[in-house]
Colleague: 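Please find one structure pasted underneath; my questions will follow.
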Amino acid sequence: MSETPYQALTVESLPRRLGEIAALRERIGGPPEGWRVREVGDGNLNLVFIVEGAAGGAVAKQALPYVRLVGESWPLPLKRSYFEYHALTRQGARDPGRVPAIYHFDEGQALIAMEYLHPHKILRRDLEAGVKHKGLAEQLGEFCARTLFRGSDLSMKTSERKADLALFADNVALCDITEQLVFTDPYYAAPMNRHTPELDGLVAELRADVELKVAAQQLKLKFCNHAETLLHGDLHTGSIMAHVGEARVIDPEFACYGPFGFDVGMLIANFLMAYFAQAGYEAREGEREDFRGWTLDVAEGVWTRFRTEFARLWRTERTGILFPKALYEDQGHMLAAEQALSALLQDIWIDALGFAGVEMHRRILGLAHIAEFEHIEDTGRRAACEAKALRLGRHLAVNRARLLGFADIRAAAVRLERQG
Ligand code: SR1
Ligand code: MG
């Protein structure tokens with residue numbers, strides 16, 4: 001495929017074009033003309049095909065030269081596929097088995113052929129349907145800790161870390177989306193924004209909130225300038241596929257170097273939004289109480305498992321240029337190393353809360369919304385759920401340095417939920 005100029009795949013052209021690739025022919029099996037192909041992309045950017053044959057299946061993800069959600073009026077570089085490929089290979093090495101295996105990558109066609117995760121479902125759909133998953137918080141917390149710790153100067157050889165910093169620094173267009181859509185657009189009437197009409201009053205209040213705007217820009221400064229580790233960059237519950245007891249992380253095309261707290265904060269925000277969305281699906285008040293509580297447990301569990309695993313890696317794998325053991329353990333200064341770890345985790349916690357706050361805002365006020373809220377048909381009811389998330393988001397962003405532990409977040413969320 002690499003000889004031919006870029007061409008978007010179609011259900012019809014895919015068997016002929018991918019059938020030329022030996023690794024895929026073997027994986028899928030049978031003659032390509034007999035392959036069953038479906039286009040299933042429901043994300044904002046790309047084409048995604050599921051291809052099945054006699055021996056098994058594969059997923060073919062191809063970037064389009066524009067933002068699918070908006071159309072050709074918003075061009076977007078195909079090179080995002082290259083960043084996704086490189087992020088997947090690093091994440092696969094840093095937390096084996098948690099991301100899909102790659103079968104084939106074609107940079108010219110902006111195409112990654114990878115493992116078909118079956119019968120896994122996009123986690124967001126289960127959060128809407130009220131389906132729990134065992135071990136979710138633990139697996140996601142570990143994924144964050146392992147990929148973030150092992151992609152940083154705490155772990156990597158400095159020459160490799162700097163080479164990766166340079167490689168991912170070129171992911172300009174996707175970083176620009178995050179910079180704009182997450183940190184700026186929600187806080188003024190930007191052209192692509194939209195919100196549920198019943199929220200007009202609260203939206204005006206938030207956009208006039210100077211403290212909140214300062215917090216959002218402080219967080220943007222961190223995102224743009226604190227190149228601490230390789231981020232997934234878009235770690236929401238639509239970037240996770242789950243099936244009984246197993247979560248897999250997909251879609252790291254927004255990968256870039258950024259602050260430790262970003263992925264963790266985004267993830268926590270998405271479970272907090274799922275918490276507030278539950279009331280929109282209750283035929284009888286309180287019907288989803290148990291599931292609602294579980295979404296908070298997962299948000300908390302992500303943070304606690306992240307912290308535990310990060311601490312374990314700090315103690316056992318601190319081989320990079322930061323906080324070298326030569327200065328601490330080798331001098332008998334174990335306590336100082338533990339204090340440095342606690343201080344770093346505290347900084348990450350504060351950042352994560354801030355990023356969680358702005359993520360909750362942009363999913364309600366910006367361009368890219370989430371299904372759990374969008375599928376609540378009654379707009380009055382939807383707005384009531386969204387308003388609680390907006391208020392908690394504000395609390396997290398503005399008061400992030402004053403919130404001591406998850407108990408504070410839980411109490412604030414429950415209070416808002418009970419206020420009705
Ligand atoms: C224009 S892209 C909008 C959003 O979709 C992606 O999934 C990212 O979350 C991005 O911010
Ligand atoms: Mg995505």
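Every heavy atom of this structure was used, including side-chain atoms; hydrogens, water molecules and symmetry mates were not. Just follow the structure's listing: the first ligand is 1, and inside any ligand the first atom is 1. Everything quoted here is computed from the prediction, not taken from an experiment.
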Colleague: Could you check whether K79 makes a cation-pi contact with Y82, meaning its NZ or CZ is under 6.0 Å from the centre of the six-membered ring and within 45° of the ring axis?
Modeller: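 K79 over Y82 ring: yes.
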Colleague: Dump all N/O pairs between ligand 1 and the protein below 3.5 Å as a table: atom names plus distance, one pair per row.
Modeller:
residue, atom, partner, partner atom, Å
ligand 1, 5 (O), N44, ND2, 2.7
ligand 1, 7 (O), D234, OD2, 2.8
ligand 1, 9 (O), D234, OD1, 2.7
ligand 1, 9 (O), D234, OD2, 3.3
ligand 1, 9 (O), R362, NH2, 3.1
ligand 1, 9 (O), R363, NH2, 3.3
ligand 1, 11 (O), R362, NH1, 2.8

Colleague: Centroid separation under 6.0 Å, is that true for the rings of F254 and F83?
Modeller: no
Colleague: Does NZ or CZ of R207 lie under 6.0 Å from the centre of the six-membered ring of Y187, at an angle within 45° of the ring axis?
Modeller: no
Colleague: So that I can tick it off, tell me whether E20 and R17 are bridged by a salt bridge, with the cut-off set at under 4.0 angstrom between side-chain N and carboxylate O.
Modeller: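 The answer is no: the pair does not qualify as a salt bridge.
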Colleague: Please identify which of these residues, L47, N46, I250, meets the side-chain contact (heavy atoms from CB on, under 4.5 Å) condition with K61.
Modeller: N46
Colleague: Between K220 and E179 (salt bridge meaning N to carboxylate O under 4.0 Å), is one present in this structure?
Modeller: no
